[in-house]
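Residue numbers count from 1 along this sequence. Just so you know, ligand 1 is whichever comes first in the structure, and atom 1 is the first atom listed for that ligand.
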Amino acid sequence: MTEPRIEVDLDAFRHNVRLLSSIAAPARTMLAVKANAYGHGLLPLARAALESGADSLAVLDVPAGLELRAAGFDVQIFAWMHGPHTDFACAIRESIDLGISALWQLDAIIAAGEPARARVHLKIDTGLHRNGASIEEWPSLVSAAVAAERAGVLTIVGIWSHLADASPEDDADALERLHTAIKVAHDLGATPTTLHLAASSAGIREPEARLDLVRFGIAAYGISPFDDESAADLGLIPVMTFRAPVVSVDAGTATISVGSADGIHVGPSHIAEVAIGGERYRISSVGVDSLTIDVGDALVSVGDSVTIFGTGDDGAMTAEEWAVRTGTIGDEIVVRASRRIPRTYLGER
Ligand SMILES: *Cc1c(COP(=O)(O)O)cnc(C)c1O
């Protein structure tokens, strides 16, 4: 091979989405494609998700939702992180479903003055403390939304929250808080049709948390959300493979031209390994734009393909293994993979 590249196996991704949506059914599957589809590439992954069992997409913010609309996606798109500069008018015109955590967001929707009704999902904080209305704020948020609904400004499509995934007990508490909030909302006149809470972890393991819809993310990319079960244990296939060619070989050391600037971090212990020709070799150092590999007296030549992480099929570590060895989570390994490295899509239709 001649240049570093990231291979994205769309068939593996479709397999994972099919598997997860069959686990979630009869709950619907919304696929999280935030962070450039966890580093894999927004548009091809969004398309593949909808080809294989997902019926809606979750992005972080309105601009990412608008990018999907501009590319022709006409399915339900959910965005929940809004700042003071969020263009709510455009979001309403483009029919982006909006997660709503605070009164000021409702005020901004009303102030947008769009003729179409905004589609909102009211968020209750069930313990994650990242955003969402507190139990104290909840009745006033719901009442304001109900008033705006009666005024024809918006439709309360959903009520939702997000789990910390800290422990099954915490998740059970969060589910109970969500049900309490739903009851309060009903009593205040809200009639949401879509209740949602679970992401990958609870979507797989906690049937009672699936409600109407599961927002699957990391598991669809072939990375387990659990410490005690791998993707392989779950029947999931890693989607991303990061490869680079050997650019020089010198005194038992091979070098590749990707490094920390491309998202490769080995942590202080340098115990990650890469694979060349099916054999694993220790990384001896990582620079900003290069990485050296201790190959000893193995027959390694310039141009040989080095797999940094991948599916595990060619002997290389998976992103999950990298994460364990370098003290992080698999999500970090794939989202860090630099946009500078071209993505090659396998299985494109
Ligand atoms: C990231 C995210 C998801 C997906 O989470 P995973 O754990 O990756 O499955 C779902 N919902 C929200 C609100 C998120 O931020």
Subject >> T311 side chain reached by D9 side chain, heavy atoms, under 4.5 Å >> reply: no

Subject >> Backbone N/O of D304 and side chain of S301: donor-acceptor pair under 3.5 Å >> reply: no

Original post:
Between the side chain of R215 and the main-chain N/O of A32, is any donor-acceptor distance below 3.5 Å?
Top reply: no

Original post:
Taking only heavy atoms of Y38, which atoms of ligand 1 are found under 4.0 Å from at least one of them?
Top reply: 1 (C), 4 (C), 5 (O), 6 (P), 8 (O)

Original post:
Near I218, which atoms of ligand 1 are under 4.0 Å from a heavy atom of that residue?
Top reply: 6 (P), 8 (O), 9 (O)

**OP:** Compare H162, H196, R130 and give the one whose heavy atom is closest to atom 12 (C) of ligand 1.
**Re:** H162

**OP:** Can you measure from NZ (K123) to CD (Q105) and round to the nearest 0.5 angstrom?
**Re:** 10.0 Å

Original post:
Do F13 and H40 have ring centroids that are under 6.0 Å from one another?
Top reply: no

Subject >> Within-cut-off N or O pair, S200 and ligand 1, under 3.5 Å >> reply: yes

**OP:** For ligand 1, find out whether one of its N or O atoms is nearer than 3.5 Å to an N or O atom of A199.
**Re:** no

Subject >> Region of W160 engaging ligand 1 - heavy atom pairs below 4.0 Å >> reply: side chain

Subject >> Side chain, backbone, both or neither: R215 near ligand 1, heavy atoms under 4.0 Å >> reply: both

Original post:
Who's the nearest protein heavy-atom neighbour of atom 2 (C) of ligand 1, and how far?
Top reply: K34 NZ, 2.6 Å

**OP:** Give the ring-plane orientation class for F242 versus F309, where under 30° counts as parallel, over 60° as perpendicular and anything between as tilted.
**Re:** perpendicular

